[in-house]
Amino acid sequence: AAVTTIASAWRQRRFQRAVESINEAAIRLQRWWRDLSTSCEYRHFVAEILATSKVLQNIYLSAHATRIQRWFRVQRQRPFEFYRCRAAVIKLQANIRRHQAQELVNLMKATLGVHVNYHLSETVALEKDSLGKLSKHSSLPSDATEFTGPTCQILVTQSLSRYQKFRLVEASVGKIQPYWRWYRVWKAVCLVQRRYRGHLARVHLARHIAAATRIQAAVRSRNVVRNLGPRRLAAAQLAKEQRRRAYLWGDSSKRTSRMSGLSASGGSAVSKKLSYR
């Protein structure tokens, strides 16, 4: 019994080591295969992208080159016409005069400046918005003399030129731009921080999932080994009992055969004695 127990324990220990080595080998093979397949797929994907981009670049450049060559051939085959050159010169002179006049007007406006008090304005009634602030306005009622609410003067933008509108917007936006720059930088920093936190959270979650998977695999293997030990012991005991019963049944059959042989020899001797008598 002790020898059987020791042998079963030794076999159990060897089986545990074999299962552990098989699991480790399977994990290594799976990791190697995943890395190999991922690298191969990535290599093929990059090669496809590079080849496609090269083909598209060649097509794009060849199309533009073909268009330029076609235009140059057509222009070279056309006869030189004086009226076309004259129209081009007249158009160029008109553009130069317009540009000089525009520069002169801009210089005068920049020297004199934009005065809001000199522009056309109208009186409007102020109204409260959803937050309770006087940020809305409406036209005055017909009986404006009896109106006692808050009022203000606003510009009539329909009477302003494009340059005057641009200067007014530039003066009013000058105070908003620093805040907008700071807000844009702050939003960019918040976005980077949020994405970095998300990346860290995903990495942490992946590590937890991997650790949980390993723990589950270890627990399953341990449970398998635990359940396998009693089953092996029970199988060994059953085999031992079967061998014992087979041995006992073999001895009983031999005994019955011996008894049958003795009974047969005794009956013949009695018959011989009776016949002699």
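Basis for what follows: all heavy atoms, side chains included, without hydrogens, waters or symmetry-related copies.
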S.K.: Output the distance between atom CD1 (I6) and atom CZ (R11), rounded to the nearest 0.5 Å.
M.R.: 11.5 Å
S.K.: Atom CG of L134 and atom CG of D129: how far apart are they, to the nearest 0.5 Å?
M.R.: 8.0 Å
S.K.: Nearest 0.5 angstrom please: R184 CZ to R181 CZ, how far?
M.R.: 7.5 Å
S.K.: How far apart are the closest heavy atoms of C152 and L126, and which atoms are they?
M.R.: SG-CD2, 3.4 Å
S.K.: Count I, L, V, M, F, W, Y as connected when their side-chain heavy atoms are under 4.5 Å apart, and connections chain through other members. Are V185 and Y183 then in the same cluster?
M.R.: no
S.K.: For D35 and S39: C-alpha separation, side-chain torsions, deciding distance, then whether side-chain contact (heavy atoms from CB on, under 4.5 Å) applies.
M.R.: CA-CA 6 Å; D35 295 340; S39 62; 6.0 Å; no
S.K.: Salt bridge check, R244 against E241: does any charged N sit closer than 4.0 Å to a carboxylate O?
M.R.: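 Looking at E241 and R244, the cut-off is met.
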S.K.: What closest approach, in Å, do K136 and K128 show between heavy atoms, and which atom pair accounts for it?
M.R.: CD-O, 4.3 Å
S.K.: Nearest 0.5 Å please: distance from the CD1 atom of I209 over to the CD atom of Q216.
M.R.: 10.5 Å
S.K.: Could you go through R17 and R14, starting from their C-alpha distance and side-chain angles, then the distance that decides it, and tell me whether this counts as side-chain contact (heavy atoms from CB on, under 4.5 Å)?
M.R.: CA-CA 5 Å; R17 290 185 177 178; R14 289 188 62 186; 5.8 Å; no
S.K.: Taking W180 as the starting point, is it possible to reach W186 by hopping between hydrophobic residues whose side chains are less than 4.5 Å apart?
M.R.: yes
S.K.: So if I apply the side chain to side chain contact (heavy atoms under 4.5 Å, CB included) rule between K240 and each of Q237, R243, Q242, which one comes out positive?
M.R.: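 Testing each of Q237, R243, Q242 against K240, the sole residue satisfying side chain to side chain contact (heavy atoms under 4.5 Å, CB included) is R243.
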S.K.: Can you tell me which residue among R97, Q93, K91 is in a side chain to side chain contact (heavy atoms under 4.5 Å, CB included) with N95?
M.R.: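 That would be K91; it is the only one of R97, Q93, K91 passing the side chain to side chain contact (heavy atoms under 4.5 Å, CB included) with N95.
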S.K.: Could you check R195 against H199 for side-chain contact (heavy atoms from CB on, under 4.5 Å), going step by step and ending with a plain yes or no?
M.R.: CA-CA 6 Å; R195 292 189 176 180; H199 172 69; over 6 Å; no
S.K.: Indicate yes or no: at least one non-hydrogen side-chain atom of R28 is less than 4.5 angstrom from one of W32.
M.R.: no
S.K.: When you look at CH2 of W71, are more than 12 heavy atoms from neighbouring residues, nucleotides or ligands closer to it than 6.0 Å?
M.R.: no
S.K.: Using links of under 4.5 Å between side-chain heavy atoms of ILVMFWY residues, direct or through other members, which residues join Y196 in one cluster?
M.R.: L200
S.K.: With rounding to the nearest 0.5 angstrom, report the CD to CG distance, Q57 to L50.
M.R.: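 Taking CD in Q57 and CG in L50, the distance rounds to 11.5 Å.
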S.K.: Say you draw a straight line from SG of C40 to CZ of R43; how long is it, rounded to the nearest 0.5 Å?
M.R.: 5.0 Å
S.K.: Test E103 against L107 for side-chain contact (heavy atoms from CB on, under 4.5 Å), laying out the working first.
M.R.: CA-CA 6 Å; E103 283 186 351; L107 180 61; over 6 Å; no
